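Predicted model only: the values in this text are computed from it and were never measured.
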Number of protein chains: 2
Amino acid sequence: MTTLPDRPDAELLRLDQQICFSLNAASRAFGGVYRVLLKDLGLTYPQYLVMLVLWEQGELPVKRIGEHLRLDSGTLSPLLKRLEAAGLVRRERSPEDERSVTVSLTEDGAALRERAGQVPRRLLTATGLPVDDLAELRALLDRVTVALDAAVPDLTEG
Amino acid sequence: MTTLPDRPDAELLRLDQQICFSLNAASRAFGGVYRVLLKDLGLTYPQYLVMLVLWEQGELPVKRIGEHLRLDSGTLSPLLKRLEAAGLVRRERSPEDERSVTVSLTEDGAALRERAGQVPRRLLTATGLPVDDLAELRALLDRVTVALDAAVPDLTEG
DNA sequence: CGCAATTAAGTTGCGCACAACTCAATGGCG
DNA sequence: CGCCATTGAGTTGTGCGCAACTTAATTGCG
């Protein structure tokens with residue numbers, strides 16, 4: 001067990017602040033850099049994430065996209081509509097299951113992949129961290145995410 | 001210099017995905033836990049951050065709150081209005097500088113601090129990480145944030 | 001002094017995240 | 001078979017984040 005050491009509440013409060021402050025700040029700093037990098041692609045950061053999934057997977061029902069990105073239809077439906085309006089994706093009811101909507105890339109959407117090719121390298125450079133540190137950061141974030149997700153049900157009931 | 005090693009674009013693209021995916025996921029996972037923990041305080045997570053600043057600093061102009069949290073008036077003005085409507089803060093034009101609005105805690109706002117006392121410990125427990133790892137996570141996040149902020153101007157022009 | 005530049009707060013508009021809901025299609029069980 | 005619970009997508013409403021803008025007060029410089 002990784003129980004919390006005995007520390008005064010004041011210290012915990014300070015640490016808590018630093019963590020939530022830091023995560024918030026980092027998240028928004030990433031957003032700011034992505035906003036600049038994606039500007040001439042005409043994509044927002046969440047739209048870019050959806051495009052990444054589609055570039056890798058080819059075509060997917062909305063449900064699957066949501067599972068990859070932890071987003072529900074309330075977020076994805078309007079976002080996909082905007083991507084469709086921009087001519088980057090198609091949305092079609094699945095013939096096998098009329099409840100499902102399959103999202104696929106248009107020619108323009110697939111072509112955008114080339115223009116987005118520089119984004120990852122520029123982003124990694126902008127972080128200023130060596131690749132090893134980034135890998136460690138990712139590992140810590142993933143561990144926290146798993147633990148937090150597992151904790152929510154307990155907190156909701158208990 | 002921490003230059004990027006020579007790696008194929010495909011690998012960079014994958015790493016990039018993992019980092020942005022991970023940060024996004026972690027950020028929203030934190031948000032989910034905070035939402036549960038703050039529910040009976042009647043606060044959202046950003047509102048909680050503002051209250052933390054006020055509990056620590058006593059009273060501040062909107063500008064200073066924004067500097068602590070990296071938020072502008074476009075975000076803070078409506079948020080502070082909601083806190084005022086909830087009876088937690090007061091907003092008053094500063095007599096010395098009529099442009100500035102001083103935000104201070106009401107009695108209810110100050111009293112809420114006690115009820116929020118359990119939040120940090122419960123959150124730290126929910127992360128499932130020992131305090132040392134959290135400190136390291138925070139350090140990595142802060143380094144990334146500084147680097148990303150510094151990179152934005154270059155990206156915007158160059 | 002007087003006027004232009006700057007500063008603080010607020011407003012507007014857009015997109016995202018999420019809860020709560022509707023609606024239609026599907027699946028399962030008596 | 002028929003009915004009801006479940007599932008997938010979409011809609012509505014609220015709040016946050018940010019860019020671009022407005023307004024009013026202040027500063028500073030000729």
For nucleotides 19-26 of chain C, give me one character per nucleotide, 5' to 3': B if any protein heavy atom sits under 4.0 Å from the base, S if the only such contacts are to the sugar-phosphate, - if neither. S-----BS
Minimum heavy-atom distance [X]-[Y], with the two atoms named:
{"X": "Ser77(A)", "Y": "Arg91(A)", "result": "O-NH1, 4.4 Å"}
{"X": "Val33(B)", "Y": "Ala126(B)", "result": "CG1-CB, 4.3 Å"}
{"X": "Pro61(A)", "Y": "Ser100(A)", "result": "CB-OG, 3.4 Å"}
{"X": "Glu92(A)", "Y": "Ser104(A)", "result": "OE1-OG, 4.2 Å"}
{"X": "Asp40(A)", "Y": "Val36(A)", "result": "OD1-O, 4.2 Å"}
{"X": "Trp55(B)", "Y": "Gly109(B)", "result": "NE1-O, 2.9 Å"}

Qualifying residue, where the test is side chain to side chain contact (heavy atoms under 4.5 Å, CB included) with [X] and the options are [options]:
{"X": "Leu49(B)", "options": "Ile65(B), Leu71(B), Leu69(B)", "result": "Leu69(B)"}
{"X": "Val103(B)", "options": "Val53(B), Leu60(B), Val62(B), Leu76(B)", "result": "Val62(B)"}
{"X": "Val89(A)", "options": "Glu59(A), Glu84(A), Lys81(A)", "result": "Glu84(A)"}

Dot-bracket for DNA chain C, 5' to 3', Watson-Crick and G-U pairs with both distances under 3.5 Å, [ ] for crossing pairs, | for partner on another strand, reads ||||||||||||||||||||||||||||||
For Arg28(A), check salt bridge (Lys or Arg N to Asp or Glu O under 4.0 Å) against everything at least two apart and list the hits.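 Per chain and number, Arg28(A) pairs via salt bridge (Lys or Arg N to Asp or Glu O under 4.0 Å) with no residue.
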Tell me: [atom1] of [X] to [atom2] of [N], nearest whole Å?
{"X": "Leu71(A)", "N": "dG15(C)", "atom1": "CG", "atom2": "C1'", "value": "13 Å"}
{"X": "Leu69(A)", "N": "dA17(C)", "atom1": "CG", "atom2": "P", "value": "9 Å"}
{"X": "Leu38(A)", "N": "dC14(C)", "atom1": "CG", "atom2": "P", "value": "21 Å"}
{"X": "Tyr34(A)", "N": "dG17(D)", "atom1": "OH", "atom2": "C1'", "value": "18 Å"}
{"X": "Leu60(B)", "N": "dA9(C)", "atom1": "CG", "atom2": "P", "value": "11 Å"}
{"X": "Glu84(B)", "N": "dA9(C)", "atom1": "CD", "atom2": "P", "value": "14 Å"}
{"X": "Lys63(A)", "N": "dT6(D)", "atom1": "NZ", "atom2": "C1'", "value": "11 Å"}
{"X": "Leu79(B)", "N": "dG15(D)", "atom1": "CG", "atom2": "P", "value": "10 Å"}

Taking DNA chain D as the partner, which of residues 40-48 of chain A come within under 4.0 angstrom of it by heavy atom?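 Of all residues in residues 40-48 of chain A, none places a heavy atom under 4.0 Å from DNA chain D.
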dA9(D) OP1/OP2 closer than 4.0 Å to side-chain N/O of Arg93(A):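 Checking Arg93(A) against dA9(D): no side-chain N or O falls below 4.0 Å of OP1 or OP2.
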Look at all strands and tell whether Arg64(B) reaches a base, only sugar-phosphate, or nothing, counting heavy atoms closer than 4.0 Å.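 Nothing, no nucleic acid heavy atom in range.
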At under 4.0 Å between heavy atoms, what does Leu76(A) touch on the DNA or RNA strands: base, sugar-phosphate, or nothing?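 Touches nothing.
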Proximity to the side chain of Val62(B) - top-ranked nucleotide from dA9(D), dG10(C), dC18(D):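 Of dA9(D), dG10(C), dC18(D), dG10(C) is nearest to the side chain of Val62(B).
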Looking at residues at least two apart in the chain, or sitting in another chain, which of them share a side chain to side chain donor-acceptor pair (under 3.5 Å) with Glu56(A)?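 In terms of side chain to side chain donor-acceptor pair (under 3.5 Å), with neighbours along the sequence ignored, Glu56(A) is linked to Gln17(B).
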Pairing residues for Asp142(B) by the side chain to side chain donor-acceptor pair (under 3.5 Å) criterion, not counting sequence neighbours: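 If we apply the side chain to side chain donor-acceptor pair (under 3.5 Å) test to Asp142(B), skipping adjacent residues, the hits are Ser22(A), Arg138(B).
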Reading DNA chain D from 5' onward, which residue's closest nucleotide shows up sooner: Ser77(A) or Ala29(A)?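 The residue mapped nearer the 5' terminus is Ser77(A).
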Please compare Glu67(B) and Lys81(B) by the position of their nearest nucleotide in DNA chain C and report the one closer to 5'.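 Closer to the 5' end of DNA chain C: Glu67(B).
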